[in-house]
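Okay, so here's the structure we're looking at.
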There are 2 protein chains.
Amino acid sequence: MRIGELSERTGTPRRLLRYYEEQGLIVADRLPNGYRDYDERFVDRVLQIRGLLDAGLPTRIIKQILPCLDKPRVIHFQDATPEMLATLEDQLERMTARVECLSRNRDAIAEYLEAVRATRAPQA
Amino acid sequence: MRIGELSERTGTPRRLLRYYEEQGLIVADRLPNGYRDYDERFVDRVLQIRGLLDAGLPTRIIKQILPCLDKPRVIHFQDATPEMLATLEDQLERMTARVECLSRNRDAIAEYLEAVRATRAPQA
DNA sequence: TCGAACCCTCACATTGATGTGAAGGTCAAA
DNA sequence: TTTGACCTTCACATCAATGTGAGGGTTCGA
């Protein structure tokens, strides 16, 4: 598929698909006329990228962790340098911290909404 | 405490403490000489703000949800307009999505690290 | 009373993720 | 063959979070 379809199917501006490529997050094939050519797998890939970006990870980090998350659980040994592993451990920690922070605050919001509803519903 | 101590205790540059104030996330008292004056509660507050920022929430949103998260679970009725509640519901959803995305990817990284270790340890 | 270590405001710079548009090539259908 | 809807690259603009520093006041101890 070309960039327009991928854009529609992922809800991502073309501009950003090109940006993610520029940042090395995705690598598109090229048709003979120079157009980018994507296969189905890019849909999930792009959604994953967007999710991670939305959760606060910078493209630099996403680029590092993406190769470890490919469907066929292949260990890319060439990537598994000590520095790489250290980076992953570090990100693992940071992501866990994020999850905890988000969960805690999300629960607090949920509680708040519950409380608000509790003071309203009885009057109905 | 003054800004320097709050900065040290939260690991946050003074610049940012002033920025958070400018964005309406915190409101500092002032000493007679114009210096900002913070009490203990600001330490947790600032750490919470940093956590949420790190998790991808913009100050605009943080400002909206912070009042609902105060320790004494007080419902701020003046805030509880229908729009406000809708915003909170929306953020609740978005935060849940973020948590799911982060958890999923974090688990995948953990699995990857496990797998790498599994192929190494046996040779030791 | 001087210097160090604080604090203030103001303002410009940078970075990463985006928006927007210009200038131009490709292709299919009328 | 022309029009419209695609695509390309390039470049400048914006926004939020953050860095940095100038220019200046306060406080305290040597």
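Order of the sequence lines fixes the chain letters, A, B, ..., with proteins taken first and strands second; residue numbering starts at 1 for each chain.
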Protein-nucleotide distance ([X], atom [atom1]; [N], atom [atom2]), rounded to Å:
| X | N | atom1 | atom2 | value |
| --- | --- | --- | --- | --- |
| R50(B) | dA16(D) | CZ | P | 18 Å |
| R30(A) | dT26(C) | CZ | C1' | 14 Å |
| D29(A) | dC7(D) | CG | P | 16 Å |
| I61(A) | dT15(C) | CD1 | P | 17 Å |
| D54(A) | dG16(C) | CG | P | 19 Å |
| L53(B) | dT18(D) | CG | C1' | 11 Å |
| I62(B) | dA17(D) | CD1 | C1' | 11 Å |

Quick check: do [X] and [Y] have side-chain heavy atoms less than 4.5 Å from each other?
| X | Y | value |
| --- | --- | --- |
| T87(A) | I65(A) | no |
| T96(A) | L102(B) | no |
| D37(A) | R2(A) | no |
| L17(A) | R36(A) | no |

Q) Using 4.0 Å as the upper bound for N to carboxylate O, is an ion pair formed by E21(B) and R30(B)? A)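 E21(B) and R30(B): salt-bridged.
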Q. Between T59(B) and dA17(D), does any side-chain N or O lie under 4.0 Å from OP1 or OP2?
A.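 Yes, within the criterion.
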Backbone N or O of [Y] within a donor-acceptor pair of the [X] side chain at under 3.5 Å?
| X | Y | value |
| --- | --- | --- |
| S7(B) | E5(B) | no |
| D54(B) | R50(B) | no |
| D90(A) | A86(A) | no |

Q | E8(A) atom CD, over 12 foreign heavy atoms within 6.0 Å | A |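 At most 12 heavy atoms, drawn from other residues, nucleotides or ligands, come within 6.0 Å of this atom.
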**Q.** Value rounded to 0.5 Å, distance of OG1 in T12(B) from CZ in F42(B)
**A.**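 Going from OG1 on T12(B) over to CZ on F42(B), the span is 13.0 Å.
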**Q.** Separation of E22(B) CD from T59(B) OG1 (nearest 0.5 Å)
**A.** 9.5 Å
Q: Identify whether any heavy atom of I3(A) sits under 4.0 Å from a base atom; if not, whether one sits that close to sugar-phosphate; answer base, sugar-phosphate or nothing.
A: sugar-phosphate
Taking only heavy atoms on the protein side, list every residue of [range] lying under 4.0 Å from any atom of DNA chain C, sorted numerically.
| range | answer |
| --- | --- |
| residues 32-40 of chain B | G34(B), Y35(B), R36(B) |
| residues 7-16 of chain A | P13(A), R15(A), L16(A) |
| residues 17-27 of chain B | R18(B) |

Q) Taking for each residue the nucleotide of DNA chain D with the nearest heavy atom, is it R2(B) or P58(B) whose nucleotide lies nearer the 5' end? A)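 In this pair, the answer is P58(B).
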